[in-house]
Amino acid sequence: MIEPRWQQHWEAQETFRAFNPGDPPAAEHPFAVRHGDVAPESIEKYYILDMFPYPSGAGLHVGHPEGYTATDITARYLRMQGRHVLHPMGWDAFGLPAEQYAIKTGQHPRKTTEENIANFTRQIKGLGFSYDWSREVNTTDPNYFRWSQWIFLQLYHSWANPASGKAESIDTLEFPADVTTDEARRDFRDDHRLAFVSHAPVNWCPELGTVLANEEVINGKSEVGGHPVVRRPMRQWMLRITAFAQRLLDDLETIDWSDSLKEMQRNWIGRSEGAEVEFRIQDSEDRICVFTTRPDTLWGATYLVLSPEHEWVDELTTDDQRTAVADYRAAAARKSDLERTELAKEKTGVFTGAFAINPANDEPVPIWIADYVLASYGTGAIMAVPAHDARDLEFAQKFELPVRVVVQAPEGESLESLGFVGDGTSVESGFISGLSTAEAKAKIIEWLEGKGQGKRTINFKLRDWLFSRQRYWGEPFPIVWRDGHHEAVAESDLPVLPPELDDYKPTTEGDPPLARAADWVDLPDGATRETNTMPQWAGSCWYYLRYLDTQNNERHVGEAAEKYWMNVDLYVGGTEHAVLHLLYARFWHKVMFDLGHVSMAEPFQRLVNQGIILGEDGQKMSKSRGNVVNPDGVIDEYGADAFRLYEMFMGPLEMMKPWNTKGVEGVYRFLGRVWRLFIDEGSYKDYEQAVTAAPDQAEALLAGLKLHAAINDAEPTPEQLKVLHACIKKVTDDLDGMRYNTGISALMVFVNEASKWESRPREVLGIFLRLLNPFSPHLAEELADRLGEVSGNTLAYQPWPEWDEAFLVEESIEFPVQVNGKLRGHIDITPETSREEIEQLALACEKVQQFIFEKEVKKVILVPNKLVNIAVK
RNA sequence: GCGCGAGUGGCGGAAUUGGUAGACGCGCUGGAUUUAGGUUCCAGUCUCGCAAGGGGUGGAGGUUCGAGUCCUCUCUCGCGCACCA
């Protein structure tokens with residue numbers, strides 16, 4: 001009852017609107033009431049962001065509001081602290097489910113999306129979050145995705161200059177001397193763009209009818225739906241994220257993210273230092289290049305292994321081996337990624353018949369092919385050192401290849417040097433024998449470089465980002481094809497809208513559904529449109545920028561707004577995007593930064609992961625388990641305030657924790673106690689009876705409630721001030737540290753105390769309501785309204801209370817006394833009691849006496865404000 | 001296998017820098033109001049013990065006057081990556 005009323009009040013008042021530079025609030029807006037007639041941009045800003053949801057048909061689940069409540073509490077808290085808070089919400093609305101539904105029903109995905117957004121909006125608004133709804137964004141809105149397409153064009157029109165390490169206009173790319181024809185120049189540019197076309201093997205998911213990025217494939221299955229993924233060569237758009245690998249790695253140091261998340265990104269980027277070593281092929285001038293992190297083991301390299309897809313395999317294979325090699329390659333090509341990883345427990349491979357010369361000792365070593373060597377990493381070829389690599393050893397033992405120990409394990413660590421993979425001392429290794437692994441690496445690289453047969457290299461696991469999808473419900477590429485070449489659509493022609501279709505189905509052969517719209521594909525001048533669409537990540541890569549300036553029709557975001565609001569001070573969301581959205585967005589942001597479109601190198605300064613909420617049974621919530629909690633039901637029964645409070649009271653935000661409906665009852669009871677602290681019980685009972693009789697009169701009857709008779713204008717007692725200020729201090733500290741659960745418990749402690757008071761000073765209760773407001777804003781606003789005039793007609797901009805340590809000082813303290821670290825008694829002291837007195841009192845304490853009796857007191861340790869400990873023997 | 005994180009009552013979880021272990025809430029037990037239950041209020045609730053006292057933060061050691069917190073080893077669970085040379 002009171003909740004919708006306050007939600008309407010906030011909406012009508014635009015209470016939570018944030019103001020861009022040059023767009024000051026009206027004088028009666030509570031922001032102006034608080035801050036006066038000053039430019040909004042002169043107030044210190046705080047940009048607090050939630051990961052915007054995909055508006056699915058299932059509606060909100062209890063995991064969404066967990067993060068949203070946390071950010072809302074912090075947003076409301078900082079607003080009261082005087083910060084100019086930007087807290088927006090929007091919809092990541094392109095994506096598979098709406099499209100799958102469209103395929104089934106023939107209904108346009110736009111329609112489903114609209115319905116789902118309406119439902120999500122209703123649910124989210126019902127929770128009373130302090131979003132600035134005037135900044136709502138929707139990635140499927142043409143006014144939004146025209147800028148997604150525009151950013152794609154920025155990538156298309158740039159290259160990564162290795163000299164500067166930055167993205168630059170493609171115009172700054174210089175042509176080599178031998179690139180002279182227009183055709184060659186065009187190809188050369190196209191080969192360097194940050195958005196480029198590739199024909200390499202990609203992750204094709206037949207079930208979904210689209211290709212997927214590496215990040216979207218988990219153990220050979222699609223992240224969405226868990227369908228098998230196979231590798232097959234297709235023409236696809238890629239984004240050159242690899243050129244930014246080092247910066248994406250380095251700049252992690254500059255941002256305040258959890259260690260585990262940073263570590264996940266580091267692992268995904270996968271930097272490894274080593275060397276490329278060239279092996280001359282026997283009876284040939286050709287050299288084959290391998291990557292190794294252990295060049296110091298070169299003397300132990302007894303064979304080479306190429307990946308089956310390596311381009312030289314055909315050339316190297318001898319006639320004797322040709323059939324075996326061809327069979328093996330064919331078998332490898334047939335295998336899905338899943339088979340190649342999970343099912344390949346046993347090493348397989350075949351000999352090519354060819355030999356290479358080990359540059360260290362000039363001995364011939366056989367060249368094999370095997371699928372445990374990946375074409376996509378390093379050079380697609382390795383030198384096998386079976387003595388010091390587990391995989392090579394397994395392979396060598398199976399195929400009876402020679403094993404040579406060249407590293408001695410350090411004393412005491414492992415007696416066995418065979419199979420030792422750590423750092424030790426080189427042995428049987430010519431001029432590097434006797435050196436430590438680190439020294440040996442340096443020396444052998446220097447020697448190889450001198451010979452021109454190797455060099456120091458750094459490799460990354462990160463692959464370029466496969467950016468096109470063969471689906472309908474995504475942003476069309478702003479690209480046309482003419483005479484087999486791609487061209488950018490003019491910026492003035494954006495947005496490129498998708499065509500209307502009758503059939504949204506993907507095809508089995510990977511022709512995008514957009515190809516069916518002949519009218520749309522074929523342009524009057526003979527060019528044809530690109531028919532792939534962008535992945536869902538395109539919209540989420542930059543939405544945090546659009547919030548800053550949603551109405552701007554000239555730019556993706558206005559310069560002044562971007563400079564004032566960026567970067568995001570706090571970003572809260574689940575961990576599932578660790579190497580997807582969060583990596584992609586950082587990449588786009590860096591490109592935009594290099595090109596001068598944004599002012600900071602990193603978008604998200606601080607990032608906090610919320611833990612998942614498990615079902616009541618301690619299992620992950622899922623439809624099939626039937627343990628899904630629907631927020632609507634909880635809100636209907638207990639209200640939004642109780643729901644918010646419970647989500648935060650369950651435990652620390654980052655932690656995984658199970659739902660417990662009894663716990664909701666607990667916080668609901670707490671809110672009831674707060675209510676009874678303020679409201680006269682008799683008048684409430686009358687109200688309840690009257691409402692039962694005349695439910696339609698509820699609104700009017702509510703006004704008849706009386707304040708509790710104990711509320712008065714008396715001076716607070718020192719005891720009351722102590723309770724209040726202890727609460728202010730604890731809640732403030734906890735909100736600063738995002739420890740919402742313990743903050744709530746401090747509020748409960750206050751209410752438990754205050755309920756006992758026979759006199760309840762208005763002043764004390766008013767301050768308590770400000771502390772309560774971020775957590776349970778509806779109830780706090782309602783009670784504050786009843787308690788007295790609130791400036792600006794909302795608590796939202798009331799100054800946050802400050803505590804005074806003077807009120808917290810205890811007059812008499814029960815000071816703990818320990819003997820040998822065990823608690824034995826207490827002594828009564830005051831803050832003025834001197835050290836000597838405390839020690840004397842402690843030693844004289846009766847309970848203590850019986851433990852130190854007839855023993856030698858060795859030492860008395862006094863920890864001020866904590867305890868005193870007597871060490872005896 | 002590698003990396004990261006976590007193990008505290010019947011349960012969710014408290015315990016800034018080592019300093020009174022179990023805040024707050026749930027559940028449970030008893031009582032009061034009402035008595036139809038519920039609501040609300042009061043008291044109790046780590047464990048052994050009548051008590052004095054002993055034991056106790058996954059396990060085993062260690063440092064310290066003092067360890068949930070620091071160190072070493074170990075077990076279990078969760079998450080991430082996984083033939084990355």
Side-chain angles (χ1 to χ4, degrees), chain A residues 218-219 258-268 270-272 274 290-294 297 301 305 307 340-342 344-345 347 370-374 376-385 388-392 394-395 421 459-463 575-576 578-579 609 611-612 618 645-646 649-652 654-667 669-670 672-673 676 681 730 733-734 737 739 741-749 752 755 814-826 850 858-873:
Chain A
I218 295 163
N219 289 333
S258 73
D259 288 338
S260 68
L261 198 72
K262 285 188 185 182
E263 201 56 31
M264 277 162 80
Q265 290 217 344
R266 279 191 206 105
N267 289 340
W268 191 261
R271 181 189 148 105
S272 86
V290 304
F291 175 74
T292 177
T293 54
R294 291 298 298 272
T297 61
V305 188
S307 74
R340 231 178 124 150
T341 53
E342 243 177 37
K345 295 197 172 83
K347 293 274 181 293
D371 66 4
Y372 82 93
V373 173
L374 306 175
S376 54
Y377 184 75
T379 62
I382 62 155
M383 62 179 216
V385 184
H388 305 294
D389 181 283
R391 296 150 303 179
D392 295 343
E394 192 190 332
F395 191 81
V421 297
N459 251 308
F460 294 95
K461 285 189 213 171
L462 186 68
R463 292 288 100 83
T575 187
E576 67 271 18
V579 293
N609 285 124
I612 22 179
L645 211 54
Y646 176 64
F649 189 60
M650 287 167 81
E654 285 103 322
M655 207 180 260
M656 181 191 287
K657 43 209 176 283
W659 182 269
N660 177 5
T661 300
K662 288 280 185 202
V664 190
E665 283 177 28
V667 295
R669 280 204 274 268
F670 162 71
R673 285 205 300 282
R676 288 190 296 278
E681 230 172 313
K730 179 78 175 134
D733 282 352
D734 285 345
R739 293 182 296 270
N741 54 330
T742 50
I744 293 166
S745 88
L747 294 172
M748 290 172 165
V749 170
N752 290 345
S755 302
E814 269 209 338
F815 201 67
V817 183
Q818 295 184 334
V819 177
N820 284 344
K822 285 198 164 66
L823 182 67
R824 294 306 182 188
H826 290 94
Q850 73 189 88
K858 289 184 68 181
K859 213 177 183 182
V860 179
I861 295 121
L862 177 69
V863 187
N865 301 319
K866 292 287 184 189
L867 49 69
V868 60
N869 187 16
I870 302 164
V872 298
K873 202 166 79 175

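Throughout, protein chains are lettered first and strands after them, A, B, ... in sequence-line order, and every chain is numbered starting at 1.
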At a cut-off of 3.5 Å, list every protein nitrogen or oxygen paired with a nitrogen or oxygen from nucleotides 31-40 of chain B, distance to 0.1 Å.
residue, atom, partner, partner atom, Å
U40(B), O3', Arg676(A), NH2, 3.4

Please tabulate the protein-to-nucleotide N/O contacts below 3.5 Å involving nucleotides 13-22 of chain B, giving atom names and distances.
residue, atom, partner, partner atom, Å
A14(B), OP1, Asn741(A), ND2, 3.1
U16(B), O4, Asp733(A), OD2, 3.3
G19(B), N2, Asn869(A), ND2, 3.3
U20(B), O2, His826(A), NE2, 3.3

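Partners of Lys657(A) under the side chain to side chain donor-acceptor pair (under 3.5 Å) rule, at least two apart in sequence or in another chain, are Glu66(A). Scanning for salt bridge (Lys or Arg N to Asp or Glu O under 4.0 Å) contacts around Arg739(A) gives Asp734(A), with sequence neighbours left out. Residues satisfying the side chain to side chain contact (heavy atoms under 4.5 Å, CB included) criterion with Lys662(A), sequence neighbours excluded, are Asn660(A), Glu665(A). Residues passing the side chain to side chain donor-acceptor pair (under 3.5 Å) test with Ser272(A), sequence neighbours excluded: Tyr377(A).
Nearest heavy atom pair, residue Val872(A) against residue Asn820(A), reads N-OD1, 3.0 Å. What you find for Phe815(A) and Val863(A) is that their closest heavy atoms are CZ-O, 3.8 Å.
Base pairing annotation: G5(B) forms a Watson-Crick or G-U wobble pair with C77(B), both donor-acceptor distances under 3.5 Å. With a 3.5 Å ceiling on both atom-pair distances, the Watson-Crick or G-U wobble partner of A43(B) is U29(B). In this structure, G22(B) forms no base pair with any nucleotide, since neither Watson-Crick nor G-U wobble geometry is met with both distances under 3.5 Å. Pairing of C83(B), defined by two Watson-Crick or G-U wobble distances under 3.5 Å, is not identified with any nucleotide.
Between the CD atom of Gln265(A) and the C1' atom of C79(B) there is a distance of 16 Å, given to the nearest Å.
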Assess the residue pair Arg463(A) and Ser376(A) against the criterion (side chain to side chain contact (heavy atoms under 4.5 Å, CB included)); give the C-alpha distance rounded to whole Å, side-chain angles, the decisive distance to 0.1 Å, and a yes or no.
CA-CA 8 Å; Arg463(A) 292 288 100 83; Ser376(A) 54; 3.6 Å; yes
Using side chain to side chain contact (heavy atoms under 4.5 Å, CB included), reason through Met264(A) and Thr575(A) one step at a time and then give a plain yes or no.
CA-CA 10 Å; Met264(A) 277 162 80; Thr575(A) 187; 4.3 Å; yes
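OP1 and OP2 of G3(B) both lie 4.0 Å or more from every side-chain N or O belonging to Ser260(A). A close approach under 4.0 Å does occur between a side-chain nitrogen or oxygen of Arg824(A) and OP1 or OP2 of G54(B). When the side-chain nitrogen and oxygen atoms of Tyr377(A) are compared with OP1 and OP2 of A85(B), one or more of them lie within a distance under 4.0 Å.
Comparing G3(B), A85(B), C24(B) by their closest approach to the side chain of Asn752(A) singles out C24(B).
Cation-pi contact between Lys347(A) and Phe395(A): absent, since separation from the ring centre below 6.0 Å together with deviation from the ring axis within 45° is not met.
In textbook terms, a nucleotide whose glycosidic angle is within 90° of 0 is syn, and G9(B) is one such case.
Mapping Gly666(A) and Ile382(A) onto RNA chain B by nearest heavy atom places Gly666(A) at the nucleotide closer to the 5' end. Sequence order on RNA chain B of the closest nucleotides to Ala381(A) and Met264(A) puts Met264(A) first from the 5' end.
Distance noted for atom C1' between U33(B) and G27(B): 23 Å (whole Å).
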